[in-house]
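Have a look at the structure below, then the notes.
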Amino acid sequence: MSYDVAIVGAGILGLAHALAAARRGKRVVVIERDAVAAGASIRNFGFVTVTGQEAGDCWTLARRSRDVWAEVAEAARIPVLHEGLLVTARSPEAEAVIDAFLATEMGAGCDRLTVDGARQRCPALRPEGVTAALLSPHELRVESKTAIPALARWLAEAHGVDFLWSTLVHGVAAPVLETTRGRIEAETVIVCPGDSFQGLFADRIAAYAPTRCKLQMMRVVPECPVALGSAVMSDHGLARYRGYADLPAAAALKARLDREQPAKRGNGVHLIVVQSADGSLVVGDTHHYGETPDPFVSDAMNALVLDELDTVLDLGARRVSETWIGTYASAADRWRFTDAPDDATRVVVVTAGCGASTAFAIGEETIGDLLGSTGT
């Protein structure tokens, strides 16, 4: 089998590269070791985030990726379940971060809301748990576990991308890939390993010193219907997302949260709440780092997240219907890397929790680098 572009990995980053190459008119194959996509790309919030991404290329690429997501969602009939983001504040220190953010280029199009304005947007907000809020119109939400398979099907049907599922690639020396289905040839090879570092090009990946981040997430079902209207975050997001947290004004907020909520800060609790079509809520999450995260769900960690949820939102009676662990690649000194083993091969890894938010633009960047900016 011979192709113009071979992509190893069918997560969102691999699919994004497949789209960018297919739009250039290239014959593309995506090779995935599992029978279906089952990694980080389907275990997250499906929350395509612009506001709060790290200043610089991360924010710029997130803006572009959000626009591509909107195009693709319509074309592939992937439902956009809601749009926008409401980041709540509950202290003067948090409000100061919102004000500082709004004064930056990244605050364009965003607004500061009063308590009443925030509750008009999301009536479930607890008035005693909110003093102000940041409203962004830029975000959109899809259901990851169905959106990723739908995206793969659309790439196959609309763009002629071939998919080889349950196929392991055990050697790459462009233009040859050695796989469990035999030899495949491709002029260009792009490896998107996610947080699997011991396979292809392990020595080159190790040079970037990546580790893995373990997340705990859950689905919460309110007994009475609740309409969020947008994604909701708490002020822990203002102290964690680099677009806010890197601002000088954030130092006082981080110090206050460290002092008053050490358990949440120490376990990387960062509240995000998004809504599914059936009314249930995807809620998370915690952050723990290590080369091999343990596979177990901790009730204590879920309790911290649920406490933060109940501080911000009044859902009434609710139950947790499922809980799961996600992982993603992480690195201390970068949010992504692209390595070039040779002129025809790239290894692309997002080392932060923003893969779904930046993948499409990264794919365009990689394909432009390999094939030329004009696509000729």
Side-chain angles (χ1 to χ4, degrees), residues 11-20 22-23 40-87 101-102 104-111 121 133-148 150-152 154-155 158-159 192 228-233 237-238 240-244 270 272-277 282 284 328 335-336 348 350-368:
I12 184 57
L13 196 58
L15 298 182
H17 283 84
L19 175 63
R23 283 180 165 177
S41 294
I42 69 156
R43 302 185 193 188
N44 60 28
F45 294 94
F47 179 38
V48 181
T49 314
V50 175
T51 304
Q53 299 292 6
E54 183 178 354
D57 68 335
C58 188
W59 178 71
T60 301
L61 293 173
R63 291 176 67 197
R64 169 60 185 160
S65 292
R66 190 270 179 208
D67 291 343
V68 179
W69 261 113
E71 298 168 13
V72 167
E74 181 177 5
R77 298 183 180 179
I78 297 171
V80 174
L81 299 174
H82 53 71
E83 299 185 37
L85 166 65
L86 198 64
V87 186
F101 176 79
L102 288 171
T104 70
E105 174 190 15
M106 297 183 294
C110 300
D111 292 306
R121 174 80 183 193
L134 172 70
L135 176 65
S136 165
H138 302 305
E139 285 63 37
L140 60 83
R141 145 81 170 152
V142 298
E143 192 74 64
S144 294
K145 66 182 181 180
T146 55
I148 298 303
L151 177 57
W154 174 73
L155 284 169
H159 290 280
C192 301
L228 293 187
S230 63
V232 174
M233 291 169 48
L238 297 172
R240 184 173 182 88
Y241 266 48
R242 296 287 298 272
Y244 316 119
H270 160 45
I272 301 178
V273 188
V274 295
Q275 193 149 32
S276 296
V282 176
Y328 62 74
W335 71 271
R336 62 165 176 151
V348 187
V350 174
T351 50
C354 57
S357 300
T358 58
F360 283 121
I362 293 173
E364 291 176 342
E365 178 187 82
T366 307
I367 295 299

_Measuring from atom CE of M233 to atom NE2 of H270, what distance do you get when rounded to the nearest 0.5 angstrom?_
4.0 Å
*Which residues satisfy the side-chain hydrogen bond (donor to acceptor under 3.5 Å, both in side chains) test with R121, sequence neighbours excluded?*
none
*Please report the shortest heavy-atom distance between A150 and A76, naming the atom on each side.*
O-CB, 4.5 Å
*Can you measure from CZ (R43) to NZ (K145) and round to the nearest 0.5 angstrom?*
13.0 Å
*Among L151, I367, V72, find the one that has a side chain to side chain contact (heavy atoms under 4.5 Å, CB included) with L19.*
V72
*T49 and C354, any side-chain heavy atoms less than 4.5 Å apart*: no
*Would you mind reporting whether M106 and H138 have side-chain heavy atoms less than 4.5 Å apart?*
no
*Rounded to the nearest 0.5 Å, what's the gap from OG on S357 to CD1 on I362? Could you check?*
10.0 Å
_Value rounded to 0.5 Å, distance of CG in L134 from CG in L238_ = 7.5 Å
_Before you tell me yes or no, could you show the steps for T358 and R64 under side-chain hydrogen bond (donor to acceptor under 3.5 Å, both in side chains), namely the whole-Å CA-CA distance, both residues' side-chain angles and the distance that decides it to 0.1 Å?_
CA-CA 8 Å; T358 58; R64 169 60 185 160; over 6 Å; no
_By side-chain hydrogen bond (donor to acceptor under 3.5 Å, both in side chains) - contacts of R242 (at least two apart)_ = D246
*Measure from the side-chain N and O atoms of S65 to the backbone N and O of A361, and report whether any donor-acceptor pair falls under 3.5 Å.*
yes
*Compare all side-chain heavy atoms of L15 with those of W154 and state whether any distance is below 4.5 angstrom.*
no
*Going by the ring-ring contact (aromatic ring centres under 6.0 Å, His included) test, which pairs reach into residues 41-66, not counting sequence neighbours?*
none
_Straight-line distance of D111 CG to L86 CG, nearest 0.5 Å_ = 11.0 Å
*May I ask you to decide if G46's main-chain N or O and S144's side chain share a donor-acceptor pair within less than 3.5 Å?*
yes
*Under the salt bridge (charged side-chain N to carboxylate O under 4.0 Å, His left out) test, which residues partner R336, sequence neighbours left out?*
D57, E365
*Which atom names give the shortest non-hydrogen contact between Q275 and G229, and what distance separates them?*
OE1-N, 4.5 Å
_Quick one, F360 and L61 - any side-chain contact, counting heavy atoms below 4.5 Å?_
no
_side-chain hydrogen bond (donor to acceptor under 3.5 Å, both in side chains) against S136, all qualifying residues, sequence neighbours excluded_ = T51, E139
*Over 60° means perpendicular and under 30° means parallel, so classify the ring planes of Y244 and F101, tilted if in between.*
perpendicular
*Between the side chain of R141 and the main-chain N/O of A231, is any donor-acceptor distance below 3.5 Å?*
no
*Specify the closest pair of heavy atoms between I12 and S41, including all atoms of both residues, with the distance to one decimal.*
N-OG, 2.8 Å
*Side chains of L228 and V274: does their closest heavy-atom pair fall under 4.5 Å?*
no
*Among all residues two or more places apart in sequence or in another chain, which pass the side-chain hydrogen bond (donor to acceptor under 3.5 Å, both in side chains) test with S230?*
none
*Nearest 0.5 Å, what's the NE2-OG distance between H82 and S276?*
7.5 Å
